[in-house]
Amino acid sequence: MTLSESSDDSVKKSNPREDWPARRGGLRQAEVDTCGVMSSGVGYNDQTGAETAVEAGQETTPTTSSSGAAFGLFSSDFKKNEDLKEMLESNKESLKLEAMKRVVGLISKGKNASELFPAVVKNVASKNIELKKLVYVYLVRYAEEQQDLALLSISTFQRALKDPNQFIRASALRVLSSIRVPIIVPIMMLAIKEAATDLSPYVRKTSAHAIQKLYSLDPDQKEQLIEVIEKLLKDKSTLVAGSVVVAFEEVCPDRIDLIHKNYRKLCNLLVDVEEWGQVVIISMLTRYARTQFTSPWKEDAVFDENNEKTFYDSDSEEKKVPTEAKPYMMDPDHRLLLRNTKPLLQSRNTAVVMSVAQLYWHLAPKHEVSVVTKSLVRLLRSHREVQYIVLQNIATMSIQRKGMFEPYMKSFYVRSTDPTHIKTLKLEILTNLANEANISTILREFQTYVKSQDKTFAAATIQAIGRCATNISEVTDTCLNGLVLLLSNRDETVVAESVVVIKKLLQTQPTQHSEIIKHMAKLFDNITVPMARASILWLMGEYCDRVPKIAPDVLRKMAKTFTTEEDIVKLQTVNLAAKLYLTNSKQTKLLTQYILNLGKYDQNYDIRDRTRFIRQLIVPSEKSGALNKYARRILLAPKPAPVLESAFKDRDRFQLGTLSHSLNVKASGYQELSDWPAVAPDPSVRNVEVIEPVRNSGSGSEEESSEESEKTSSGSGGSSSGSEKSSSDSESEQRQKKKTKKRTRKPAASDRYAREQMLPVSPASSSPVGGHLRQHSTPSVSNIPNLVSPLIPVTSPSFGPVKTYELLHHMTGKGLAAKYHFPRQPCLYQPSMVSVQVILTNNSDHVLEEIHIGERSPAGLNVHCFNTIERLEPGASVTVSMGVDFSDSTQAANFQLCTKEDQFGVSIQPAVGELLMPFTMTEADFNREQSEI
Amino acid sequence: MIDSLFLINHSGDIFLEKHWKSVISRSVCDYFFEAKEKAVDPENVAPVLQTPHHYLISIYRDKIFFLSAIQTEVPPLFVIEFLHRVGDTFLDYFGECSETVIKDNVVIVYELLEEMLDNGFPLATESNVLKEMIKPPNILRSVVNTLTGGSNVGNTLPTGQLSNVPWRRAGVKYTNNEAYFDVIEEIDAILDKSGTTVFAEIQGVIEACVRLTGMPDLTLSFMNPRLLDDVSFHPCVRFKRWESERVLSFIPPDGNFTLMSYQVSSQNLVAIPVYVKQNISFLEAGSCGRLDITIGPKQTMGKTVEGLMVTVHMPKAVLTVNLTATQGTHTYDLATKVLVWDIGKLNPQKLPNLRGSLSMQPGAPKPEEYPSLNIDLKIQQLAISGLKVSRLDMYGEKYKPFKGVKYLTKAGKFQVRT
């Protein structure tokens with residue numbers, strides 16, 4: 001069947017081209033016409049169904065193709081076509097437009113309108129936008145077939161590429177690159193290169209799409225295209241990011257080195273990229289991260305096997321604290337990715353949610369993966385097709401991590417209105433989730449399912465019960481009893497499935513279940529499903545010593561009906577006969593011989609073979625040789641029990657959320673997810689040398705660029721201080737170490753978290769979705785003048801801390817907005833104080849006067865206030881610095897921010913790290929200090 | 001990404017095809033037809049299929065199959081989500097998504113598809129961006145267009161495409177500024193035979209209709225945001241403010257949109273508004289059965305239950321029904337074996353009851369499973385979870401808008417097992 005299908009397909013594929021010359025050559029119309037009509041008759045129009053269509057296709061190969069059908073219909077439109085040509089060549093715009101609309105109608109129905117090409121192509125330079133667009137549609141569809149004529153239109157596009165309107169430039173590039181004519185490759189290349197540097201991000205986006213089109217047309221251009229991709233990857237526009245990553249994935253997915261420098265930027269832009277771009281960027285970054293970071297899962301191994309030393313322990317640490325292995329340190333860039341994708345779990349786009357879920361699954365430390373659970377379960381409310389994919393992925397996940405989905409078990413309960421494939425997937429998941437604690441609930445639920453009208457589903461439920469029974473030994477007996485009850489079910493599929501499952505269960509539990517076997521023997525006469533009959537026969541033979549009286553009787557019955565049975569039943573009958581012959585030859589010798597004789601002349605090769613083999617094996621004769629002695633041991637050997645496994649067992653070899661995972665077959669173009677490297681490649685490759693404020697060229701929006709520059713400066717700030725991998729984390733590490741002098745040393749794990757929280761890598765921990773408009777007119781932090789000069793020999797950080805916190809939102813503050821951040825410099829008012837810089841902005845439309853600090857609490861709070869600001873113009877902002885004595889606690893400092901008319905209660909909550917003083921020491925000093933702790 | 005799209009009607013005719021890369025012969029659909037034939041019910045067709053040279057991903061909605069042909073690896077949800085977005089766009093443009101409407105507007109459909117994908121990758125899917133590029137049809141415009149030869153296509157790049165607020169176009173003007181929010185909650189529940197809750201949860205959405213001039217910045221706050229467990233937002237909502245203050249702050253799209261959808265935390269007990277007493281039995285001997293259903297109010301918070309409807313998928317063996325209802329009308333579809341009892345308003349004084357006999361196919365065995373009842377209901381002016389909007393503030397614009405919030409509770413997938 002498969003063979004014929006595929007050959008049929010290939011015939012159809014080649015077919016349209018065979019048609020062409022004939023049609024162009026003006027084959028006799030009538031002949032083609034009849035073929036066409038005939039073919040459309042046989043086609044897949046109505047209930048004839050696919051199979052008939054396929055068969056018909058085989059018989060009438062030359063004409064049954066779709067284009068043949070199209071041609072048939074087309075020729076009946078032949079007259080209309082003539083007037084189309086006239087209309088297109090007329091002078092009236094409206095007539096032309098009308099004609100083009102009809103032509104598009106023809107294309108949409110899959111009919112052939114290629115004859116009109118010369119008439120249509122003349123209109124490519126039309127002033128009427130709609131007409132022009134429709135001509136574009138036509139050109140893209142037929143240019144490949146009419147290459148010579150298509151070339152006529154090229155100059156028009158070349159002109160349009162220089163048009164002042166970005167929209168026209170973009171659509172010209174779109175069409176030009178869609179014309180799959182090899183001869184214009186150089187022109188396309190030139191156009192792409194130019195468009196990639198266009199001022200409009202929209203045009204640049206189009207050029208990213210054009211790269212893929214050109215690549216598929218002429219793969220030899222790869223090197224040049226990669227250069228363009230490299231350039232576009234540097235683009236800061238959110239509009240371009242998604243498209244260029246698609247181009248990257250298509251053209252050069254192995255050039256991972258192109259991503260390094262753009263990694264942090266992509267992470268930070270991610271929330272603002274359009275949703276489709278998010279999906280491709282996330283899946284690309286997943287692959288990237290798996291090649292660049294070390295596994296976050298190793299530490300679990302450390303926790304599990306406490307004494308085992310892991311190889312990444314540093315030598316010095318190991319000696320001092322052998323049990324407390326140095327914990328795995330997550331690369332800050334790795335953390336950045338996890339943190340910036342998390343808010344996207346709230347996206348309305350199911351594909352985005354799924355891609356974040358797979359990112360967490362493949363990249364996050366084990367204990368963090370469960371944050372995706374809730375969102376995945378939410379997707380089950382969506383369309384049927386979405387449910388199908390999500391359930392497939394959950395099924396794979398739930399095999400490895402039961403705990404993740406167990407709390408949501410009830411969300412997988414089956415409704416009678418679900419389509420069958422959804423039902424079976426839910427069943428699969430419920431089975432995966434079953435454990436000692438919830439098995440009774442699940443079995444009760446299964447009882448309902450067994451009664452379902454949908455018999456395929458009922459049968460699947462029985463198999464699921466079988467799996468639960470083997471996996472959880474406590475309930476094996478209960479399940480078995482339940483299944484035995486099902487044997488008296490009226491529906492045959494249910495009974496048959498139960499028999500098969502019981503057979504497997506009895507095999508795994510070869511205890512005294514002779515009662516069940518007897519019961520099944522009684523049912524034997526009423527069961528007609530071959531698989532079930534065969535299963536019972538096998539059971540009889542295997543455990544014939546337990547049912548010594550019944551087994552021969554069953555064999556007797558089988559001898560009567562042998563000739564009418566299915567092959568599989570016949571084989572098992574022969575088996576049963578052989579086993580009985582060995583154990584109870586007195587009663588069954590004649591019966592066996594009779595059956596073996598029947599088998600000898602059976603029509604089926606297998607049965608004749610098997611009979612011959614069995615006869616030689618069990619019946620002693622001169623020719624039978626040595627094996628005969630071992631017949632008993634061969635046939636009645638103890639057999640290993642079958643393992644009942646999930647059908648999703650091997651799906652984890654594919655990345656979740658991919659087409660390959662869904663089909664459980666490697667799809668073409670699937671990129672393997674590599675294993676974590678044992679040693680992380682140099683992380684400094686991701687450092688960006690210069691901190692440059694990002695300008696979103698083209699859009700000219702200040703709001704976004706200010707937000708962006710904050711993000712990037714933070715991203716690059718974390719590493720700009722030099723090539724040593726120091727800066728951010730080592731900085732905070734030092735502070736952390738200083739802090740811990742006062743306390744006893746905490747366990748390693750929590751220590752790590754504390755540090756992670758303080759990493760000033762990015763303020764984007766929960767980057768606002770669409771939230772960029774709030775930050776406007778906040779001056780870039782790096783511009784804040786250094787107000788304080790160090791008095792004490794403490795180091796000032798080599799980079800500006802960048803994380804600003806909101807003190808007062810302009811909506812609550814009636815236009816007054818305040819943000820604060822910790823400059824991490826010694827406070828010049830009092831050594832015990834922590835210096836805080838506050839940026840006050842007037843977002844209202846009137847002047848704010850007398851901004852000062854009012855009441856504070858706790859009452860004893862020692863605050864050095866800033867001088868009252870007399871006047872703040874609308875839109876203006878001012879930076880003031882103040883000192884707060886938090887008394888080394890993380891308790892919030894509450895005070896009132898007052899204007900002339902209003903008072904607003906605000907509070908500053910310091911993170912632990914902000915309370916510490918920066919300090920420089922050599923590594924030796926550090927180690928010495930540390931050993932004293 | 002997406003190579004080609006085929007639209008196929010219920011009976012299996014391909015009535016529209018569109019290619020974004022090289023043309024793929026429509027014979028590729030044969031594999032789909034084969035699968036469709038096997039599945040019997042269109043709902044049962046697997047969304048992802050493999051053929052020797054292509055992968056087929058399809059969705060089924062409004063009696064149309066949207067079938068896309070794909071050549072390389074792509075996340076299947078990406079395609080499915082996009083296809084549904086195409087369906088939504090048709091709905092948005094033409095008011096319905098049906099074969100006739102698509103055939104009538106084939107040119108606009110083609111223009112839309114052209115704008116929505118470039119080389120198989122989504123280009124513009126936001127409804128307001130599309131509407132600026134391709135005007136939705138209306139009678140007046142089509143008359144004017146035929147007279148003047150005008151067009152449906154805008155000739156400038158929509159502002160939304162480039163701005164930071166891609167969901168809103170610039171220069172919106174209204175004489176009446178208004179913002180309406182509908183809090184719609186659905187109860188998903190499975191009740192077992194005795195009426196105990198097997199599973200129940202509340203899902204909600206906030207649908208908004210905002211017609212405001214300029215660039216308003218709205219803040220919607222709740223009395224009890226703690227109720228909300230899991231949320232997903234329209235891209236316009238600022239996630240950070242939700243995290244920190246539990247308020248929805250956003251610059252709204254123009255017109256109708258879904259602001260957020262949420263799930264009420266599972267700790268809260270779900271109030272089940274009605275109880276169902278039912279007795280369906282099939283007699284062993286003789287080919288008939290009995291049916292008796294009564295519905296009464298349970299936890300309705302003092303509101304009236306409306307739009308009450310019971311749907312029962314009868315076993316195949318049930319030939320006809322002979323029932324009497326004390327209230328409402330009932331119909332039995334012989335072909336699909338679906339019994340629908342449309343009750344309407346629930347009167348607590350006089351509980352609606354449906355009883356009578358079922359006649360079965362003679363000789364057929366007694367059905368194993370009793371059919372489950374699907375309940376549909378509506379309660380106006382009530383959010384069953386108790387969620388309340390406390391206020392809506394507007395910043396950025398000077399005028400006073402008219403504001404309104406409506407609550408509605410509906411039955412979602414509400415099933416009573418028998």
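Values below: all heavy atoms of this structure, side chains included; hydrogens, waters and symmetry mates excluded. All chains are named by letter (A, B, ...) in the order of the sequence lines, taking the proteins before the strands, and each is independently numbered beginning at 1.
Salt-bridge formation is detected for the pair B:R85/A:E275: a Lys NZ or Arg NE/NH1/NH2 atom is positioned less than 4.0 Å from an Asp or Glu carboxylate oxygen. B:D118 has no carboxylate O lying under 4.0 Å from a charged side-chain N of A:K205, or vice versa, which leaves the two without a salt bridge. B:D230 and A:R378 are joined by a salt bridge, as a carboxylate oxygen and a charged side-chain nitrogen come within less than 4.0 angstrom of each other. Ion pairing of A:R381 with B:E186 is present here, as a side-chain N (NZ or NE/NH1/NH2) and a carboxylate O approach within less than 4.0 Å.
Residue with the most contacts toward chain B among A:A351, A:S668, A:S355, A:S171: A:S668 (heavy-atom pairs, distance under 4.5 Å). Of the listed residues A:V386, A:I389, A:N349, A:V390, the one with more heavy-atom pairs under 4.5 angstrom with chain B than any other is A:N349. Your options are B:D192, B:V45, B:L83, B:I8, and the one with the most heavy-atom pairs under 4.5 Å with chain A is B:V45. Of the residues considered (B:R61, B:E245, B:E126, B:K413), B:K413 shows the highest number of contacts with chain A, using heavy-atom pairs under 4.5 Å. Of the listed residues (A:V494, A:D418, A:T448, A:V140), the one with the most heavy-atom contacts under 4.5 Å to chain B is A:T448. When A:T350, A:V280, A:T420 are compared by the number of non-hydrogen pairs under 4.5 Å with chain B, A:T350 comes out ahead. Between chain A and the residues B:V106, B:V48, B:N44, the most heavy-atom pairs under 4.5 angstrom are made by B:N44. For the options A:H661, A:Q671, A:R180, A:R415, heavy-atom pairs under 4.5 Å to chain B are most numerous at A:R415.
Within the 4.5 angstrom heavy-atom criterion, atoms from both the backbone and the side chain of A:R348 approach chain B. Proximity to chain A (any heavy atom under 4.5 Å) is shown, for B:K193, by neither the backbone nor the side chain. B:I190 touches chain A through its side chain: at least one heavy atom from C-beta onward sits under 4.5 Å away, while N, CA, C and O do not. The parts of B:F78 that come within reach of chain A are both its backbone and its side chain, each placing non-hydrogen atoms under 4.5 angstrom from that chain. Both the backbone and the side chain of B:Y60 come within contact range of chain A, judged by heavy atoms closer than 4.5 Å. Contact annotation for B:I102: neither backbone nor side-chain heavy atoms come within less than 4.5 Å of a heavy atom of chain A. Contact of B:S58 with chain A is made through the backbone alone, with heavy-atom distances under 4.5 Å. Contact of B:L16 with chain A is made through backbone and side chain together, with heavy-atom distances under 4.5 Å. Looking at A:Q392, neither its backbone nor its side chain comes within 4.5 Å of chain B, counting heavy atoms on both sides. Neither the backbone nor the side chain of B:F6 comes within contact range of chain A; no heavy atom of the residue lies under 4.5 Å from a heavy atom of that chain. With a 4.5 Å cut-off on non-hydrogen atoms, A:Y388 touches chain B through its side chain but not through its backbone. Residue B:Q71 touches chain A through its backbone alone, counting heavy-atom pairs closer than 4.5 Å. Contacts between B:D41 and chain A at a heavy-atom distance below 4.5 Å are absent for every atom of the residue. When heavy atoms are compared at a cutoff of 4.5 Å, A:T417 approaches chain B by way of both its backbone and its side chain. Looking at A:S662, only its side chain comes within 4.5 Å of chain B, counting heavy atoms on both sides. In this structure, chain A has no heavy atom under 4.5 Å from any part of B:D393. If you measure heavy-atom distances from A:K666 to chain B, the contacts under 4.5 Å come from the backbone alone. Contacts between A:I107 and chain B at a heavy-atom distance below 4.5 Å involve backbone atoms as well as side-chain atoms. Proximity to chain A (any heavy atom under 4.5 Å) is shown, for B:K21, by both the backbone and the side chain. Proximity to chain A (any heavy atom under 4.5 Å) is shown, for B:M394, by neither the backbone nor the side chain. Only the side chain of B:Y110 comes within contact range of chain A, with heavy atoms under 4.5 Å apart.
Looking only at side-chain heavy atoms (C-beta outward), A:K374 and B:D229 come within less than 4.5 Å of each other. Side-chain contact between A:S416 and B:H313 is absent, with no heavy atoms from C-beta onward closer than 4.5 Å. The side-chain heavy atoms of A:V279 and B:E81, taken from C-beta on, include no pair separated by under 4.5 Å. Within the 4.5 Å cutoff, side-chain heavy atoms of B:V198 are placed close to those of A:E445. Taking the side chain as every heavy atom from C-beta outward, A:Q346 and B:V237 never approach each other to under 4.5 Å. Using a 4.5 Å heavy-atom cutoff, the side chains of A:E250 and B:F121 are not in contact. Proximity of A:V665 to B:Q50: side-chain heavy atoms (C-beta onward) are separated by under 4.5 Å at one or more points.
Taking OH from A:Y413 and CD from B:Q415, the interatomic distance works out to 14.0 Å, rounded to the nearest 0.5 Å. Put simply, CD1 on B:I108 and NZ on A:K101 are 7.5 Å apart, with the number rounded to the nearest 0.5 Å. The NE2 atom of A:H383 sits 11.0 Å away from the CG atom of B:L77 when rounded to the nearest 0.5 Å. From B:T72, atom OG1 reaches atom CG of A:L659 across 8.5 Å, with rounding to the nearest 0.5 Å. To the nearest 0.5 Å, atoms CG (A:L663) and CD1 (B:I57) are separated by 8.0 Å. Summarising the geometry, atom CD belonging to B:E73 is positioned 9.0 Å from atom OG belonging to A:S283; distances are rounded to the nearest 0.5 Å.
Just one of B:E115, B:E111, B:E114 meets the salt bridge (Lys or Arg N to Asp or Glu O under 4.0 Å) condition when paired with A:K133; it is B:E115. Checking each of A:Q212, A:K213, A:R174 against B:N119 for a side chain to side chain donor-acceptor pair (under 3.5 Å) leaves exactly one that passes, namely A:Q212.
Partners of B:Y262 under the ring pair (Phe, Tyr, Trp, His ring centres under 6.0 Å) rule, at least two apart in sequence or in another chain, do not exist in this structure. B:H19 pairs by the side-chain hydrogen bond (donor to acceptor under 3.5 Å, both in side chains) definition with B:S4, B:E17, not counting sequence neighbours.
Between B:Y55 and A:A667, the shortest heavy-atom distance links the atoms OH-CA, 3.1 Å. Closest of all the heavy-atom pairs between A:V414 and B:R417 is O-NH2, 3.3 Å.
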**OP:** Please step through side-chain contact (heavy atoms from CB on, under 4.5 Å) for the pair B:V23 and A:Y142, ending with a clear verdict.
**Re:** CA-CA 9 Å; B:V23 178; A:Y142 287 112; over 6 Å; no
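In this structure, a donor-acceptor pair under 3.5 Å is present between the side chains of B:H84 and A:E385.
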